[in-house]
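Worksheet: one structure, shown below.
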Amino acid sequence: MSPPHTPTSRPAQLLLGAGRGAVAGLVGVAAMTLGEKLEQAITHRPNSYVPGRTLKTLLGQHPGDSDQPVVWNHAMHWGTGAALGALRGVWATLGLRGVRASATHTFVRLAVDQTLENGTGVGAPPHTWPVRERVVDVLHKAVYSFVTGVVADLLSPPELESRRGTTSH
(Lines give C-alpha, C1' and ligand atoms only; values in the text may rest on other atoms or scores of the structure.)
Protein backbone atom coordinates (compact mmCIF):
# COMPACT_ATOMS: atom_id res chain seq x y z
CA MET A 1 0.00 0.00 0.00
CA SER A 2 1.35 3.43 -0.88
CA PRO A 3 1.83 6.21 1.64
CA PRO A 4 -1.10 8.66 1.87
CA HIS A 5 0.85 11.51 0.24
CA THR A 6 1.63 9.50 -2.89
CA PRO A 7 -1.15 9.87 -5.46
CA THR A 8 -2.14 6.55 -6.96
CA SER A 9 -4.83 7.54 -9.42
CA ARG A 10 -3.88 8.71 -12.90
CA PRO A 11 -5.69 12.06 -12.52
CA ALA A 12 -3.94 12.69 -9.20
CA GLN A 13 -0.55 11.92 -10.71
CA LEU A 14 -1.27 14.24 -13.66
CA LEU A 15 -2.35 16.99 -11.28
CA LEU A 16 0.82 16.56 -9.25
CA GLY A 17 2.86 16.70 -12.45
CA ALA A 18 1.06 19.90 -13.44
CA GLY A 19 1.78 21.48 -10.06
CA ARG A 20 5.42 20.52 -10.21
CA GLY A 21 5.54 21.82 -13.76
CA ALA A 22 4.05 25.16 -12.71
CA VAL A 23 6.91 25.52 -10.22
CA ALA A 24 9.35 24.57 -12.98
CA GLY A 25 7.72 27.17 -15.23
CA LEU A 26 8.30 29.88 -12.64
CA VAL A 27 11.98 28.89 -12.49
CA GLY A 28 12.05 29.04 -16.29
CA VAL A 29 10.51 32.52 -16.27
CA ALA A 30 13.12 33.69 -13.77
CA ALA A 31 15.90 32.39 -16.03
CA MET A 32 14.30 33.94 -19.11
CA THR A 33 13.87 37.27 -17.34
CA LEU A 34 17.50 37.29 -16.24
CA GLY A 35 18.56 36.53 -19.81
CA GLU A 36 16.32 39.28 -21.17
CA LYS A 37 17.73 41.84 -18.77
CA LEU A 38 21.30 40.86 -19.65
CA GLU A 39 20.50 41.00 -23.37
CA GLN A 40 18.79 44.40 -22.97
CA ALA A 41 21.80 45.78 -21.09
CA ILE A 42 23.95 44.88 -24.10
CA THR A 43 21.59 45.67 -26.99
CA HIS A 44 19.65 48.54 -25.36
CA ARG A 45 16.43 46.95 -26.59
CA PRO A 46 13.52 48.50 -24.66
CA ASN A 47 11.01 46.52 -22.61
CA SER A 48 8.02 45.17 -24.48
CA TYR A 49 4.61 45.86 -22.98
CA VAL A 50 2.74 43.72 -25.52
CA PRO A 51 2.20 40.93 -22.94
CA GLY A 52 0.58 43.33 -20.47
CA ARG A 53 -1.54 44.98 -23.13
CA THR A 54 -2.58 41.51 -24.35
CA LEU A 55 -3.72 40.48 -20.87
CA LYS A 56 -5.65 43.71 -20.39
CA THR A 57 -7.34 43.18 -23.76
CA LEU A 58 -8.21 39.58 -22.87
CA LEU A 59 -9.90 40.97 -19.76
CA GLY A 60 -12.02 43.41 -21.76
CA GLN A 61 -9.93 46.56 -21.40
CA HIS A 62 -8.67 48.64 -24.32
CA PRO A 63 -5.03 49.66 -23.73
CA GLY A 64 -3.35 51.97 -26.19
CA ASP A 65 -0.14 51.14 -28.02
CA SER A 66 1.80 53.54 -25.80
CA ASP A 67 0.46 52.11 -22.51
CA GLN A 68 3.13 50.54 -20.32
CA PRO A 69 1.18 48.33 -17.87
CA VAL A 70 4.09 47.02 -15.80
CA VAL A 71 2.02 45.01 -13.29
CA TRP A 72 -0.08 43.47 -16.06
CA ASN A 73 3.13 42.64 -17.93
CA HIS A 74 4.45 40.74 -14.92
CA ALA A 75 1.12 38.97 -14.43
CA MET A 76 1.11 37.79 -18.06
CA HIS A 77 4.82 36.93 -18.04
CA TRP A 78 4.72 34.84 -14.86
CA GLY A 79 1.20 33.49 -15.41
CA THR A 80 1.95 32.19 -18.88
CA GLY A 81 5.20 30.73 -17.60
CA ALA A 82 3.45 28.85 -14.80
CA ALA A 83 0.59 27.67 -17.05
CA LEU A 84 2.88 26.34 -19.77
CA GLY A 85 5.20 24.96 -17.11
CA ALA A 86 2.23 22.92 -15.88
CA LEU A 87 1.94 21.43 -19.36
CA ARG A 88 5.66 20.56 -19.37
CA GLY A 89 5.27 18.94 -15.94
CA VAL A 90 2.45 16.77 -17.26
CA TRP A 91 4.65 15.83 -20.20
CA ALA A 92 7.47 14.83 -17.82
CA THR A 93 5.04 12.67 -15.83
CA LEU A 94 3.94 10.99 -19.06
CA GLY A 95 7.53 10.29 -20.11
CA LEU A 96 7.76 13.14 -22.64
CA ARG A 97 11.10 14.40 -21.37
CA GLY A 98 14.53 15.68 -22.24
CA VAL A 99 15.82 17.80 -25.10
CA ARG A 100 13.12 16.77 -27.60
CA ALA A 101 10.33 17.68 -25.21
CA SER A 102 11.98 21.00 -24.34
CA ALA A 103 12.54 21.89 -28.01
CA THR A 104 8.89 21.10 -28.75
CA HIS A 105 7.85 23.12 -25.71
CA THR A 106 9.73 26.14 -27.10
CA PHE A 107 7.42 26.11 -30.12
CA VAL A 108 4.37 25.67 -27.89
CA ARG A 109 5.43 28.71 -25.87
CA LEU A 110 5.94 30.78 -29.03
CA ALA A 111 2.62 29.61 -30.46
CA VAL A 112 0.67 30.49 -27.30
CA ASP A 113 2.23 33.96 -27.12
CA GLN A 114 1.55 34.67 -30.80
CA THR A 115 -1.97 33.29 -30.68
CA LEU A 116 -2.90 35.51 -27.74
CA GLU A 117 -1.07 38.61 -28.96
CA ASN A 118 -2.37 38.37 -32.53
CA GLY A 119 -5.80 37.09 -31.53
CA THR A 120 -6.35 40.19 -29.42
CA GLY A 121 -4.97 42.46 -32.13
CA VAL A 122 -2.30 43.74 -29.77
CA GLY A 123 0.65 42.07 -31.49
CA ALA A 124 1.85 41.71 -35.05
CA PRO A 125 2.80 38.47 -36.79
CA PRO A 126 6.50 37.66 -36.25
CA HIS A 127 7.21 37.66 -40.00
CA THR A 128 6.61 41.43 -39.88
CA TRP A 129 9.25 41.96 -37.16
CA PRO A 130 12.90 42.75 -37.82
CA VAL A 131 14.92 39.50 -38.05
CA ARG A 132 16.95 40.40 -34.96
CA GLU A 133 13.77 40.72 -32.86
CA ARG A 134 12.55 37.31 -34.05
CA VAL A 135 15.87 35.69 -33.17
CA VAL A 136 15.90 37.31 -29.72
CA ASP A 137 12.33 36.21 -29.03
CA VAL A 138 13.01 32.60 -30.02
CA LEU A 139 16.21 32.48 -27.95
CA HIS A 140 14.52 33.85 -24.83
CA LYS A 141 11.60 31.42 -25.19
CA ALA A 142 14.09 28.57 -25.70
CA VAL A 143 15.84 29.53 -22.44
CA TYR A 144 12.46 29.46 -20.71
CA SER A 145 11.49 26.07 -22.16
CA PHE A 146 14.82 24.34 -21.59
CA VAL A 147 15.18 25.56 -18.00
CA THR A 148 11.54 24.68 -17.35
CA GLY A 149 12.17 21.26 -18.89
CA VAL A 150 15.22 20.49 -16.78
CA VAL A 151 13.38 21.42 -13.59
CA ALA A 152 10.18 19.60 -14.59
CA ASP A 153 12.14 16.46 -15.47
CA LEU A 154 13.89 16.61 -12.09
CA LEU A 155 10.69 17.18 -10.13
CA SER A 156 8.33 14.86 -12.03
CA PRO A 157 9.33 11.23 -12.46
CA PRO A 158 7.88 9.50 -15.55
CA GLU A 159 5.36 7.56 -13.47
CA LEU A 160 2.79 7.39 -16.25
CA GLU A 161 5.09 6.60 -19.19
CA SER A 162 3.22 4.16 -21.38
CA ARG A 163 4.59 1.38 -23.56
CA ARG A 164 1.30 0.95 -25.38
CA GLY A 165 1.10 2.15 -28.96
CA THR A 166 4.81 1.85 -29.71
CA THR A 167 4.01 0.61 -33.18
CA SER A 168 1.87 2.28 -35.81
CA HIS A 169 -0.94 -0.31 -35.61
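Small disclaimer: the values here were computed from a predicted structure and weren't measured.
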[X] side chain near [Y] side chain, heavy-atom distance below 4.5 Å:
X: Glu161; Y: Leu96; answer: no
X: Leu58; Y: Thr120; answer: yes
X: Trp91; Y: Val108; answer: yes
X: Pro63; Y: Lys56; answer: yes
X: Leu34; Y: Leu38; answer: yes
X: Asp67; Y: Trp72; answer: no
X: His62; Y: Thr57; answer: no
X: Glu133; Y: Asp137; answer: no

Quiz prompt | Test side-chain contact (heavy atoms from CB on, under 4.5 Å) applied to Glu117 and Asp113, step by step | solution = CA-CA 6 Å; Glu117 292 170 6; Asp113 286 354; 4.2 Å; yes

Of the non-hydrogen atoms in [X] and [Y], which two are nearest, and what is the gap between them?
X: Pro158; Y: Gly95; result: CB-CA, 3.9 Å
X: Ala92; Y: Asp153; result: CB-OD1, 3.4 Å
X: Thr166; Y: Arg163; result: CG2-O, 3.1 Å
X: Thr148; Y: Gly28; result: OG1-CA, 3.4 Å
X: Gly52; Y: Asn73; result: N-OD1, 2.6 Å

Nearest 0.5 Å please: distance from the [atom1] atom of [X] over to the [atom2] atom of [Y].
X: Arg109; Y: Gln114; atom1: CZ; atom2: CD; answer: 10.5 Å
X: Leu26; Y: Tyr144; atom1: CG; atom2: OH; answer: 8.0 Å
X: Thr33; Y: His74; atom1: OG1; atom2: NE2; answer: 8.0 Å
X: Leu14; Y: Leu94; atom1: CG; atom2: CG; answer: 5.5 Å
X: Leu15; Y: Gln13; atom1: CG; atom2: CD; answer: 11.0 Å
X: Thr106; Y: Leu110; atom1: OG1; atom2: CG; answer: 7.0 Å

Okay, side chain of [X], backbone of [Y]: is any donor-acceptor separation there less than 3.5 Å?
X: Arg45; Y: Gln40; answer: no
X: Arg97; Y: Ser156; answer: yes
X: Arg53; Y: Val122; answer: no
X: Arg134; Y: Trp129; answer: yes
X: Thr128; Y: Ala124; answer: no

Exercise. May I ask you to check whether Phe146 and His105 place their ring centers less than 6.0 Å from one another?
Key: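 That pair fails the under 6.0 Å test.
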
Practice problem: Under the side-chain contact (heavy atoms from CB on, under 4.5 Å) rule, what do Val151 and Arg20 come out as? Steps first, then yes or no, please. | Solution: CA-CA 9 Å; Val151 176; Arg20 290 172 174 166; over 6 Å; no

Same cluster (ILVMFWY, side-chain, under 4.5 Å), [X] and [Y]:
X: Val138; Y: Phe107; answer: yes
X: Trp78; Y: Leu87; answer: yes
X: Leu84; Y: Val50; answer: no
X: Met76; Y: Leu59; answer: yes
X: Val150; Y: Val99; answer: no

Quiz item: Stepwise, does the side-chain hydrogen bond (donor to acceptor under 3.5 Å, both in side chains) test hold for Ser102 with Arg88?
Solution: CA-CA 8 Å; Ser102 294; Arg88 185 60 177 80; 3.3 Å; yes

Exercise. With side-chain contact (heavy atoms from CB on, under 4.5 Å) as the test, would you mind laying out the steps for Val147 and Met32 before giving the verdict?
Key: CA-CA 9 Å; Val147 170; Met32 179 176 68; over 6 Å; no

Quiz item: Do Asn47 and Lys37 have side-chain N/O donor and acceptor atoms under 3.5 Å apart?
Solution: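 A donor-acceptor contact under 3.5 Å links the two side chains.
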
